[in-house]
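For reference, the structure is listed below as structure tokens.
Since we're looking at a predicted model, the values are computed, not measured.
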Amino acid sequence: AQQLMESGGGSVQSGGSLRLSCLVSGDTASGYSMGWFRQGPDNEREGVAAIATGGSTTYLDSVKGRFTLSKDNAKNTLYLQMNSLKPEDTGMYYCMAARTSIDTWRTLRPSMYNYWGQGTQVTVSS
């Protein structure tokens, strides 16, 4: 079974940067749709970015131009580079994966993924 392990979270000031990593173990990442979702203080889950098996990426509107998603299949690792961070980006960030293709219009929905990691906390102070 596939396991996902996130790392790279932390506390930064507004305008700072962080890079999150998600290591896939137990299988190869190349055959999976993957992405990140976050859960803020209101406990709502919000898909942030996703990458299809073919490599195309989708982003939440509020992070476009600031976040970049990439996947290194050789390292079995998914990355989320987050720049120009804002306090509203604060939350627990979870890696998600599904061994299937997901339609673009719903690729940011966490419910479409059946593998989740344990999460890494991101805190942005003003």
Side-chain angles (χ1 to χ4, degrees):
Q2 186 196 73
Q3 291 186 319
L4 309 176
M5 182 174 295
E6 303 95 336
S7 61
S11 296
V12 296
Q13 291 191 326
S14 182
S17 297
L18 287 171
R19 188 175 81 155
L20 306 185
S21 299
C22 172
L23 176 64
V24 178
S25 61
D27 205 341
T28 55
S30 60
Y32 286 78
S33 300
M34 297 188 69
W36 294 87
F37 73 92
R38 63 190 179 192
Q39 192 164 4
D42 58 1
N43 278 334
E44 291 294 317
R45 291 173 183 164
E46 180 177 57
V48 174
I51 186 165
T53 52
S56 61
T57 53
T58 304
Y59 295 94
L60 181 69
D61 283 347
S62 63
V63 308
K64 285 180 181 177
R66 301 188 296 121
F67 290 12
T68 303
L69 185 66
S70 61
K71 187 167 69 165
D72 187 332
N73 289 326
K75 295 184 178 180
N76 253 16
T77 302
L78 180 73
Y79 301 101
L80 183 67
Q81 178 66 43
M82 306 188 294
N83 298 329
S84 302
L85 282 162
K86 303 176 181 180
E88 51 263 44
D89 294 318
T90 293
M92 186 70 81
Y93 281 68
Y94 297 86
C95 181
M96 55 189 184
R99 195 160 177 68
T100 184
S101 296
I102 300 173
D103 297 324
T104 301
W105 65 273
R106 54 183 178 177
T107 193
L108 290 181
R109 296 184 184 180
S111 61
M112 299 306 299
Y113 298 81
N114 53 351
Y115 295 100
W116 297 358
Q118 294 299 307
T120 185
Q121 178 68 36
V122 171
T123 303
V124 185
S125 58
S126 57

Separation between CZ of Arg99 and OG1 of Thr28, rounded to the nearest 0.5 Å
5.5 Å
Please round to the nearest 0.5 Å and tell me the distance separating atom CE of Met92 and atom OG1 of Thr120.
7.5 Å
So Asp89 and Lys86, salt bridge (charged side-chain N to carboxylate O under 4.0 Å, His left out) or not? Walk me through it.
CA-CA 5 Å; Asp89 294 318; Lys86 303 176 181 180; over 6 Å; no
For Glu46 and Leu60, what are the C-alpha separation, side-chain angles and deciding distance, and is it a side chain to side chain contact (heavy atoms under 4.5 Å, CB included)?
CA-CA 9 Å; Glu46 180 177 57; Leu60 181 69; 3.4 Å; yes
Quick check for you: to the nearest 0.5 Å, what is the distance between Cys22 atom SG and Met96 atom CE?
10.5 Å
For the side-chain hydrogen bond (donor to acceptor under 3.5 Å, both in side chains) test, which of Asp27, Asn76, Thr53, Asn73 pairs with Tyr32?
Asp27
Mind listing the closest non-hydrogen atom pair of Ser33 and Ala52 along with its distance?
OG-CA, 4.4 Å
As a quick check of understanding, evaluate side chain to side chain contact (heavy atoms under 4.5 Å, CB included) for Thr90 and Gln121, giving each step before the final call.
CA-CA 8 Å; Thr90 293; Gln121 178 68 36; 4.1 Å; yes
Can you give me the closest heavy-atom contact between Ser84 and Ser17, atom names plus distance?
N-OG, 4.3 Å
Nearest non-hydrogen partners of Val63 and Arg38, listed with the distance:
CG1-NH1, 4.2 Å
Could you tell me if the side chain of Trp36 sits less than 4.5 Å from the side chain of Met82, heavy atoms only?
no
Quick check: is Phe37 connected to Val122 through a chain of hydrophobic side chains (ILVMFWY, heavy atoms under 4.5 Å apart)?
no
Working to the nearest 0.5 Å, report the span between CG of Asp103 and CE of Met112.
7.0 Å
Could you tell me whether the side chain of Leu78 reaches within less than 4.5 Å of the side chain of Leu69, counting heavy atoms only?
yes
Quick check for you: to the nearest 0.5 Å, what is the distance between Gln118 atom CD and Leu4 atom CG?
9.5 Å
Note, Lys71 side chain near Val24 side chain (heavy atom, < 4.5 Å)
no
Consider only side-chain heavy atoms of I, L, V, M, F, W and Y, link residues closer than 4.5 Å, and tell whether Tyr79 and Tyr59 are in one cluster.
no
What are the two closest non-hydrogen atoms of Ser14 and Ser126, and how far apart are they?
CB-CA, 4.2 Å
Stepwise, does the side chain to side chain donor-acceptor pair (under 3.5 Å) test hold for Tyr113 with Thr107?
CA-CA 9 Å; Tyr113 298 81; Thr107 193; 3.2 Å; yes
In terms of hydrophobic clustering (I, L, V, M, F, W, Y; side-chain heavy atoms under 4.5 Å; direct or indirect links), are Leu23 and Ile51 co-clustered?
no
Check whether Glu6 reaches the backbone of Cys95 with its side chain - one donor and one acceptor, N or O, closer than 3.5 Å.
yes
Are Val48 and Tyr94 grouped together when hydrophobic residues (ILVMFWY) are joined by side-chain heavy atoms under 4.5 angstrom apart?
no
Atom pair OG1/CG of Thr100 and Asn114 - distance to nearest 0.5 Å
8.5 Å
